[in-house]
Amino acid sequence: MDYNFIEVEKKWREKWAEEKTYKTLNESEKPKCYVLDMFPYPSGAGLHVGHPLGYIASDIYARFKKLKGFNVLHPMGYDAFGLPAEQYAIQTGQHPKITTDANLARYREQLDKIGFSFDWDREIRTCEPEYYKWTQWIFAQLFKSWYNNQSQKAESIDNLIMIFENEGNASVDAACAETPIFTAQEWASKTEKEQSDILLNYRLAYLSESMVNWCPALGTVLANDEVINGLSERGGHPVERKLMLQWSLRISAYAERLLQGLEEIDWTDSLKEMQRNWIGKSTGASLKFKIQNSKLDLEVFTTRPDTIFGVSFMVIAPEHEYVDELTSEEQKATVEEYVTNAKNKSERERMADVKNVTGVFTGSYAIHPFTGKEIPIWIGDYVLAGYGTGAVMAVAAHDSRDYAFAKQFNLPILPVIEGGNIEEEAYEAKSGIMINSDFLDGLKVKQAMKTAIWKIESEGLGKGKTNYRLRDAIFGRQRYWGEPIPMYFENGIPKLLDESKYPLTLPEVDEYLPTEDGDPPLGRAKDWKPENGDHYELSTMPGWAGSSWYYLRYMDPQNVGTFASREATDYWNQVDLYIGGTEHATGHLLYSRFWCKVLFDLGHIGFEEPFKKLINQGMILGTSNFAYRVNGTNKFVSKGLKNQYDTTPVHVDVNIVKNDELDIEAFKAWRADFANAEFELENGKYICGEEVEKMSKSKFNVVNPDDIVSEHGADVLRLYEMFLGPLEQAKPWSTKGIDGVSRFIRKFWNLYHDADGNFSVSEGEGSKEEMKVLHTLIKKVQEDVENFSFNTSVSAFMVCVNELQKLKCNKKAVLRELAIVVSPYAPFIAEELWSKLGEKGSVTNALFPEFKPSFLVESSHTYPISFNGKMRFKLEFPLDMDKAEIEKEVLAHKDSQKWLEGKAPKKIIVVPKKIVNIVV
RNA sequence: GCGGGUGUGGUGAAAUUGGUAGACACGCUAGACUUAGGAUCUAGUGCUUCACGGCAUGGGGGUUCGAGUCCCUUCACCCGCACCA
C-alpha cells in the first residue's frame, strides 16, 4: 500500500493544532534559539512557491535546533498595514481591514498546509490596536529623546530641557538641526511655541519643514528607500521634491553606530555593503569661503582638502539658499530662468539628464582663503541640495564632474598633483606629489590631506568633518491604513498624546481619500478630537513602523503592560537566525537596527543589534511556457516546427504543461478563443518553449504551493524546494525532478513496510554496515543544517534510503533514528512513522541522534602525515592502530621506495604542506 | 563609472576547502516485470577513441608534485548603488 500523504498530513495537521505541539514557553532549562522569518505582507494574490522557500529553510533549522535540545522561538505574523489594501479600499469603498483579514485567512490556510512549526499563539498583526499601541509608544519614546553626541546615545529630552534651563544650549553637543545659541535667561524668556520649536530641532522624532519625496499619484510622501529611480516603489508612480511640514525620525544621528554595528553581525558581505553604501560615510573638511563684497560665507564640504589650491570656481545647487543674494543684477534673468527650469524638472528627468552639463554664472566671486584670488561662483544642477552644504569647491583637474563643467564653460583647470593626463581627463587618484600648492608642495596626497585640514582648522577657516549620505527618515504618510501618530496640536504646538490613552485607534472615515482642503484621509473622521487640543495629527505612520520592532513582540505577544517584558527580551535576546529577501536592505533592516539601538539606549532592552545572523534566500523565478501560433490562424505548431512557419509565441498557463508537453485538451478549455485551435505535433506531442521570467499573474507562470501540496504532499514540496539548489541563489521554478523527491518519500515509507504494505520493523541492533550508513547521514545532515546547505541533505537522504534498501534493513534501532533525522525536512511522514514505531509523543520532542564516528569507518582511517618538513602524505591505516604505532610505522618507511610504488601503506597522496606532526 | 556575486555534463547541481571532478536527482538509452502506468526494478550515460589512451570545470597565463578551488589577466551574465563633491 502506498503512502497516503493526504490522510496522514491532515491527521497530523489537526493533531499538532489541537495539542499545540509547537507551543514555546518563555521559561526553560534549555539554551534558547530564536529563528525568525521576515513576516509577509498579505497581498491579494496569496502565496506562490517562492514565498515558502525561506520559511521552509527556517523551519528546518528551527526543528533541527529543537531536536538538538534548544528552546526554540519560531513565530509568524503579518505586516498588515500597507498600500495595496488601501488602494483597493479607495476603488471599492471596502474597509482595508476587511480586505486584509480575508487575505490573511488565505495566507494562513496556505501556510498551514506546508507543516510549519510556528507557535501560532504568538501570532501578531501590525494593524491590531493591541499591537500598534506599542508602535505608538515607541514613537513616543523617540519623541521624548534626543541624541547626545558626547555620550554617543539617546537620552531623555527632560535632561536636555534641564540643561537649557540651567545653562542654555552652548555646551550641548547634539545631533540636531542648526539652532542659534541661547543662554538660560534667553531660554526662560521664550514663549511656549518658541521652546517647542527649538526642542523639535533636537528630538529623535520631529516635525520640520523639509524637502520630501512627494508622490502625487499615491497622494503621500515617501522615504528615500521607497523611491527607486525617481518612481515610487509601490506602483511605480513619479515622485517629485516638495517642501512640506513633516514628521521625521533622526536616524542620521545613528549613522556612525549603524555603520560600526555591521562589524559584529553575521550578514552577507553584499548586504552589509549595501547598508554601508546607503549610510555613505565620507571624511574630509568643511570650510567657509568669503564672498567678495558681501558679509556671507559660502560653506562647502570636500573630501579632498589637499586640492584646495586647485579650486578654480565654486558651484552651488539651484535650490541653495544664497542663490538670490549671490546673483548680480546683470545675471538675474539668466539665473532665474535656469533655477525655475531646474525646479520644474522631476527627479526622474534630472537623473535621466545626467550627461548634459548645465549651469549659469551668478555674477559673484568667492575669495580663496589662502591665495586671496577671486573665484567665480556658478550654479549647476550637478550639485545636489541635499548633500553636504549644497555647494562645492570645484577642482576641475582632480574631479571628473568639475572637469566636465570646466570644459563646458571654459573655466580654468589647475593641476595640483603630479600625474595623469590633464588634457584628456581629470586625475582623480588619491596618490602622487603635490605641486602648485604653496605649503603643500612636495607632500604626498595622504599627508597633504592631513596638513591641509590642520591648516584650515588653525586658521579658523573650517574644520575636519565626516559627512554621511544617510538622510533622516520621513515618517508621516498622508494615508489612512497605517498607525495614527499619537500627537495632537494645541495652538499650533505639537503635543504628545498621554501614553495612558494609547492605542490612539484609527477612526472610521466615509472615504479613503484626502479631504477637499487637501488634508489626509484622517481629516474626514468625525468626532475624532483630543480632549484639550485642536486636532490630532492627521498623517499616519509608514509601513515600516510596525515591522521595525515586531521581533520583540513575538517574545511576549500578549503583554498588556509593556511592549515586551524585560525578562522576555533578556531571555530571547537577539534573533539568532533571520531569513528573508534582500529587498529590505536599506529599508526594514536599517530601520529595525535603528529602533533597536534607541530602545537599547533608553534602557528598554539589553542588546543593540536585532539580528545576529541573516540569510537572504534567493528569489524563485517563474518558467513561462509558450505555444507558437502561426500568424493569422488559430493553428499552433510544436516548438521544433516553429521555424518552418511565421509564428508568434503565446504565454501558456504553466499549470497545463507537463515536462514541456502541452495538455491539449486543457489548453482548449483554458480560453474560449483556443477551443477550436488546431495543432501540429512532433512525435505525437505538442512541445512548448520556455523562458525564465519573474513570477507574475500576467505571464501565467505562477505556481501555487497548494497545487504541489495536493498533488505530491507537503513533505515533497518542502524537500523539493530545498533540493532545487543553494538557498541563497536565485533560481527558476521548475517541477522537473519533483518525481525524484516523490520517489524518495515512497522509498522511505517502504523501508518501514513489507511488500504487502504492512508496517514491519524488526527488533535488534543495526548491523555495522547499517549503522555506518545511518551515521554517515547523521554527520552530513548535522553539518548541512549548520551551514544552511539544505540541498545536499536531501541528496544524503536519498543515498541513505537507497543503501538501507539494498541492505534490506528494517531494524527498529536504525529506522527510529532515521525518522528523527528526516523529520525537520519532512515532518508529516516522519511523525506518522514515529507513531507507527510505537514511540510516544511527537517526533519534534525527540533527541537528534548522536554522531558516532566509529561506525563511519570500516577498517581504515586516513591520516595526513608530514615528511621532511616539506611534504605531507595521506596514509591509510587500520582503525585499531594507535597513534604511536602509526608514527613508528611511518618513520620506519620514511626512505622506503615502497611508498612511491604504493605498496606498503594503502594509498599515498603527496601534499606540499608544512605540517610537522602526525595529525590524527 | 563604483561595489558585490556567478560561470562545472543535455538539465538542477555536488566536491571533506589545494588531493581520484561530475555525488544525488532529472532527462535520455537498453533491458526486465506487468492487471499498459506519469508504476517498479536492473544496467548504462562528460567528451573522444575499435581499443590502450587522450581531453575536460567560460578563455589565456602563473604558483604547485598536484588547481574547479590560490594569484594575474580577459570575456560573459546576474544583483545592488549611481552627479554623494
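Just so you know, these numbers use all the heavy atoms, side chains as well, and skip hydrogens, waters and symmetry mates. Every chain is numbered from 1 and lettered A, B, ... according to where its sequence line falls, protein lines coming before strand lines. Just so you know, these numbers come straight off a predicted model, no measurement behind them.
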Sugar-phosphate, base or nothing in reach of A:K747, heavy atoms under 4.0 Å: sugar-phosphate

B:U16 glycosidic torsion: syn (within 90° of 0) vs anti: anti

Any strand: nucleotide that pairs with B:G46 via Watson-Crick or wobble, under 3.5 Å: B:C55

Nearest-nucleotide pick for A:E711, side chain only, options being B:G38, B:G4, B:A85: B:G38

Strand contacts (RNA chain B) in residues 787-802 of chain A, 4.0 angstrom heavy-atom criterion: A:N791, A:T792, A:S795, A:M798, A:V799, A:N802

Point-to-point distance, once rounded to the nearest 0.5 Å, from CE of A:M393 to CG of A:D399: 9.5 Å

Sugar-phosphate, base or nothing in reach of A:V395, heavy atoms under 4.0 Å: nothing

Nearest-nucleotide comparison on RNA chain B, the residue closer to the 5′ end among A:N277 and A:R469: A:N277

Rounded distance (Å) that lies between atom C1' of B:U16 and atom CZ of A:F851: 12 Å

Touch class at under 4.0 angstrom, heavy-atom based, for A:Q729 against every strand present: sugar-phosphate

Atom pair distance, as rounded to whole Å: OH in A:Y387 and P in B:C83: 12 Å

Side-chain N or O of A:Q275 closer than 4.0 Å to phosphate OP1/OP2 of B:G80: no

Whole-Å gap separating C1' (B:A85) and OH (A:Y468): 17 Å

Rounded distance in Å - CZ (A:F748) to P (B:C24): 19 Å

Residues that A:N791 engages under side chain to side chain donor-acceptor pair (under 3.5 Å), provided they are two or more places apart: none

Nucleotide nearest A:D739 when distance is taken to its side chain, options B:G27, B:A85, B:A13: B:G27

Parallel, tilted or perpendicular, as decided by the 30° and 60° cut-offs, for the rings of A:Y322 and A:H320: perpendicular

Between A:H368 and A:F309, ring centroids under 6.0 Å: yes

Nearest listed nucleotide, side chain of A:T303, among B:C41, B:A85, B:C81: B:A85

Aromatic ring proximity A:F409/A:F313, centre distance under 6.0 Å: no

Nearest-nucleotide 5' precedence on RNA chain B, A:E273 against A:V383: A:E273

Protein-nucleotide distance (A:W733, atom CH2; B:A13, atom P), rounded to Å: 14 Å

Nucleotide opposite B:C41 in a Watson-Crick or G-U pair, distances under 3.5 Å: B:G31

Chi class for B:G22: syn within 90° of 0, otherwise anti: anti

Nearest-Å distance once atom P is located in both B:U69 and B:G1: 27 Å

Sugar-phosphate, base or nothing in reach of A:T582, heavy atoms under 4.0 Å: nothing

Whole-Å C1' distance, B:G80 and B:C71: 27 Å

Working for side chain to side chain donor-acceptor pair (under 3.5 Å), residues A:S252 and A:D472: CA-CA 5 Å; A:S252 59; A:D472 282 345; 2.6 Å; yes

Nearest-angstrom distance, C1' atom, B:U6 to B:G12: 15 Å

Sugar-phosphate, base or nothing in reach of A:R743, heavy atoms under 4.0 Å: sugar-phosphate

Base-pairing mate for B:G18 - Watson-Crick or G-U, with both contacts under 3.5 Å: none

Sugar-phosphate only, base, or nothing, as touched by A:R746 at under 4.0 Å among non-hydrogen atoms: sugar-phosphate

Lys/Arg N to Asp/Glu carboxylate O, A:E273 vs A:R276, below 4.0 Å: yes

Identity of whatever pairs with B:G9 - Watson-Crick or G-U, under 3.5 angstrom: none

Distance, C1' atom - from B:G68 to B:G9, rounded to whole angstrom: 14 Å

Euclidean distance for C1', B:G22 against B:C26 (whole angstrom): 15 Å

Separation between the P atoms of B:G60 and B:C52, rounded to whole Å: 27 Å

CA sep, side-chain torsions, deciding dist, call: A:L271, A:L589, side-chain contact (heavy atoms from CB on, under 4.5 Å): CA-CA 10 Å; A:L271 199 70; A:L589 288 173; 3.8 Å; yes

Partners passing ring-ring contact (aromatic ring centres under 6.0 Å, His included) against A:F289 (at least two apart in sequence or in another chain): none

N/O (side chain, A:Y382) to phosphate O (OP1/OP2, B:A85) under 4.0 Å: no

Residue A:V392, side-chain atoms from C-beta onward, closest of B:G3, B:G80, B:A85: B:A85

Separation between the C1' atoms of B:C78 and B:G10, rounded to whole Å: 23 Å

Nucleotide of B:C26, B:A14, B:G12 approaching A:F723 most closely (side-chain heavy atoms): B:G12

Integer-rounded Å distance: B:U6 P and A:D269 CG: 11 Å

C1' spacing across the pair B:A15 / B:C83, given as an integer number of angstrom: 46 Å

Aromatic ring proximity A:F748/A:F797, centre distance under 6.0 Å: no

Sugar-phosphate, base or nothing in reach of A:L724, heavy atoms under 4.0 Å: sugar-phosphate

Separation of B:A85 C1' from A:H320 NE2 (nearest whole Å): 13 Å

Nucleotide opposite B:A82 in a Watson-Crick or G-U pair, distances under 3.5 Å: none

Presence of salt bridge, A:E256 and A:K281, under 4.0 angstrom: yes

Touch class at under 4.0 angstrom, heavy-atom based, for A:P726 against every strand present: sugar-phosphate

Integer-rounded Å distance: B:C79 C1' and A:L271 CG: 12 Å

